Amino acid sequence: MPTEYRKFDKRLLNVSEAIEKLLSEEENTSELEQIESWLNTQLGKIKLQRIKESNILKDQSYDRNLWQDGIMILNSAMEIIHYSGFKNYFSSSTFNYSRKFKFTEFIHDTDRESFEEAFSHALSHLKNETIEIDLKTGVGNLNRCELEIDIESSNINSDRYILYFRFMESNDIQAFDYQSIVFENLPDMDVYLYDKDYRYILCGGREKEKFNLNNSDFIGKKMFDVFDKQTQRRVFPFYNKALNGEYTEGEVRYRENVYYIVAAPVKNHQSKTIAGILISQNVTNDKLLEENLIKSKEQAQKADKAKSIFIANMSHEIRTPLNSILGFTEQLEKTELNQKQEKLINLIKNASDHLLYLVTEIVFLFKLGMDKVYLENIPFSVNDIFVELEEVFSQQTEKKSLDFEIIKDKKLPQVLRGDPFRLKQILMNLLVNAIKYTDKGKITLICEVQKETKGRAEVLFKVSDTGIGISDKDLPYIFDVFEQGNKRTEKIRGGAGLGLGICNRLVNLLKGDIWVESKLNLGSTFFVSLPFKKASVDQLKEREQQFDLAEKLLKGKKILLADDDDHNLILAEMLLKNWRTDYTLVKNGMEAITKLSSEKFDLVLLDIHMPEKDGVQVVKNMHSDNTAINYKTPAVALTANALKSDIHKYLKAGFDDYVIKPFKENELYNKLCNILGIKSEEIKKTNQEKPPMEEKSIYTEDKFNVQELKKAAGNDNSFYNMMLDNFIKNAGTMLKAFNSSLKIKNWQEIGEKAHKAIPSFKFFGLTNLASNFEKIEDLALRKKHFEELPELTNQTILEIEKVIKKAETAKTE
Ligand code: ADP
């Protein structure tokens, strides 16, 4: 027997005596528990030894005496006095001290007798006995077990006999061994169990080996004895909080490594913290990985943004010459042409129309991707949409001799609330495809109500065709946008492959679903399911009500307008005056608040961005006191910002409605009439499109609007400035051309230059100047009325000079 083991034996003897003493006196469970824990520790040591000796770590034979799975103390009546070992191997888990179990209860019937024999033999001969028996285990199985009755170590005088047992074959036991091995050898991490004095009770993990420490350097020592002062300071809060009953986690740096530490309290059955557990994991590599991931994500985002900017830039660049091509083609069309020329002109027109359509679609897709598409939420009639679609598509299907039918669900509510324009856009895309990919048969648009509640309706739209269909292998890619064009999609998208990508994104934006069923050569059905709110016919009528400007329905209405921009004020004043309102103009939010506190208004128009107090602050102020005179006065936000998030913000802040700047006269007029609940004598549809200033031909200075550019540039200042430089350069070249051509009265050149300038000037919101260009173009190239041109050109030159200055100041640092 190794010396180690003899020492252990002796100690066991002492314990056995102690137990006896305890039993003879009054039962003291806490001391028994102490003893048990000592026994467990000893057993743990044996196990530890065994792991070291076992062939898992080293291929060595080991001392069988150290291979114990349980130690038991029995009295001569074979009652269990104490047991230490793996309780789960027994059928009864209730080893307590209130009831004595006979060890024979756990022995299989067939072996009971042999055990009793061996036990009495050992007792009578005072000699160690070893016997093999089947023990009943917790999982209902029998486990072959080698029992050793160790009389030599037993305390015979006290009627205490020691019994060791070793399971002959047990996966469970091996599993336990592995548990310890795993615990000991946890890679890249350390685990500690420590008591209230910060003394380590149990340690695992091999991370500490990096610093020439191993688990045995910790057990029995206090945290303060193991770590240097600096490390102590870093880790102490974790240790301490756990002992205070708190769970903590966080990162700590230690010698160029990063550790993720988790510390938790260990509580007893009364929820009192009795120890702490701390797990420290080396996450240096994860950190590096994380950093790299963040870097790659940023790079990807940059690339994505660069792509978006490129698209915006290119679209603008392409659109400008395209508009010219279209314009000149129109001019050419008006001249005398032979048949061949006419055909060619037609081809140019179709090709450029298509190109322009594509560029517009790309820009739209780009906006969709940037979440910059504002969705309407207005009452609309689905029926009206169907009437429109019927009109457009019955002509197109007729051309291809296809049948076309629209079938509506009778349950479809008359009026829904949502975005009718986007719905139309989706259905049109699907119908265009259906016609494009069908040569004979029928196109059908079916609309069904899927679900309907009091306030909501879920509508399913089906667009079916009897066309070429889509193969199974192509189906999964059908809704991909061009970004994924390098996959199989290239092949299936002979066209630009934008339509379905746009539909997909739009449907997502509308919180609906889109899918397709298709059979090659038989046809396809595209399904779009969309949720809508329901609205009433009255609400629809109200929205659609168009008021005639001539009726002066706003006459006498007290309106307050706050805007810090002089140009906007002049423009608004002209309108309000024209409409014969009783208006008051103020130049900032503070003035607006002062006015609102002393005078009752019928309506308030507030610019959002104003000095002192902005529009949102003013409207909040209006609603802060329900006794204030203008508490109930409707407020309309004037904003150049069409971002949906901002608009939601304004409406949430208390605005009743909003108008996007620059607004059209009719649009604002209608909105105000609607908000004020004005009933028109004669509701007529008025021409909405004409901008107010055009009719009067009074030139009003344009505001240089960089809103569109800002949207495209995001935070990219260099792109923003580059675009402005580009504009300034082109405007400068144009100025020179205007001046020199004016001298020699080359109206053709002036007309052409004016035409070319229109899109880029419109891009910066210079609508008045752009309409000057249109006039010049019209007079110079079409009407050939040259007499008005010198004055108009001169005025335009002056305006361009101003605009160049404005563009210079719009540049950022
Ligand atoms: P495009 O039609 O411009 O190529 P879309 O995104 O609208 O782009 O459609 C993508 C692809 O899906 C088309 O190229 C075509 O192969 C297929 N597809 C779309 N609609 C149909 C349809 N109704 N029948 C057959 N194939 C279709």
Side-chain angles (χ1 to χ4, degrees), residues 311 315 318 322 350-369 373 389-390 392-407 421-447 460-510 512-530:
I311 290 169
S315 310
I318 296 169
L322 254 181
N350 287 346
S352 5
D353 268 340
H354 184 62
L355 207 54
L356 193 63
Y357 159 80
L358 284 181
V359 174
T360 316
E361 290 286 275
I362 289 173
V363 174
F364 184 70
L365 196 64
F366 148 79
K367 282 187 178 172
L368 267 174
V373 171
L389 292 176
E390 177 116 50
V392 177
F393 289 99
S394 38
Q395 279 180 21
Q396 295 198 19
T397 40
E398 233 166 69
K399 273 190 212 157
K400 279 188 92 175
S401 307
L402 298 167
D403 289 332
F404 177 54
E405 193 181 6
I406 295 182
I407 306 167
F421 312 106
R422 301 300 169 210
L423 172 62
K424 206 160 65 187
Q425 192 179 1
I426 294 165
L427 296 178
M428 280 180 117
N429 263 330
L430 297 180
L431 286 165
V432 164
N433 275 353
I435 297 172
K436 184 154 88 180
Y437 297 106
T438 307
D439 292 326
K440 57 173 192 288
K442 188 174 180 181
I443 312 290
T444 326
L445 166 62
I446 302 174
C447 152
L460 178 68
F461 300 90
K462 294 189 223 173
V463 177
S464 305
D465 63 58
T466 51
I468 60 167
I470 303 157
S471 72
D472 286 349
K473 71 177 187 333
D474 290 337
L475 268 179
Y477 304 99
I478 216 80
F479 295 109
D480 288 356
V481 285
F482 65 98
E483 275 136 311
Q484 279 107 42
N486 51 355
K487 285 196 200 143
R488 191 194 311 278
T489 46
E490 258 172 355
K491 196 170 69 58
I492 52 167
R493 304 210 170 170
L498 290 171
L500 290 181
I502 287 181
C503 282
N504 188 26
R505 287 197 171 175
L506 271 178
V507 169
N508 281 337
L509 209 62
L510 294 166
D513 277 322
I514 183 165
W515 69 100
V516 60
E517 282 171 12
S518 186
K519 280 263 169 313
L520 210 55
N521 302 323
L522 289 177
S524 318
T525 302
F526 283 83
F527 299 82
V528 175
S529 153
L530 291 172

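Being a predicted model, the structure only gives us computed values, none of them experimental. When a ligand or atom number is given, it counts from 1 through the structure's own listing order.
The backbone N or O of Glu405 sits nowhere less than 3.5 Å from a side-chain atom of Lys442 that would complete a donor-acceptor pair.
Side-chain contact check for Ile435 versus Asp465: every heavy-atom pair is 4.5 Å or farther apart. At least one side-chain heavy atom of Leu427 sits less than 4.5 Å from a side-chain heavy atom of Phe461.
Under the 30°/60° scheme for interplanar angles, the aromatic rings of Phe526 and Phe479 are found to stand perpendicular.
Those atoms of ligand 1 that come under 4.0 Å of a heavy atom in Leu500, given as number and element, are 5 (P), 6 (O), 7 (O), 9 (O), 10 (C), 12 (O), 19 (C). Ligand-side atoms of ligand 1 in range of Gly499: 5 (P), 6 (O), 7 (O), range being under 4.0 angstrom from any heavy atom. Taking every heavy atom of Lys436 and a limit of under 4.0 angstrom, the matching atoms of ligand 1 come to 1 (P), 2 (O), 3 (O). Interface atoms of ligand 1 facing Ile478, defined by a heavy-atom separation under 4.0 Å, are 12 (O), 17 (C).
Taking a 4.0 Å cut-off on heavy atoms, Ser524 registers as neighbouring ligand 1. Put simply, no part of Phe479 is less than 4.0 Å from ligand 1, judged by heavy atoms.
If you check each of Ile443, Ile468, Asn433, Leu475 against atom 7 (O) of ligand 1, the one with the closest non-hydrogen atom is Asn433. Across the listed options Ile470, Asp465, Thr438, Ile470 owns the non-hydrogen atom lying nearest to atom 25 (C) of ligand 1.
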### Query
Can you check side-chain contact (heavy atoms from CB on, under 4.5 Å) on Phe404 and Leu431, steps first, answer last?
CA-CA 10 Å; Phe404 177 54; Leu431 286 165; 3.9 Å; yes

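When all heavy atoms are compared, the tightest approach of Asn429 to Cys503 is CB-SG, 3.4 Å.
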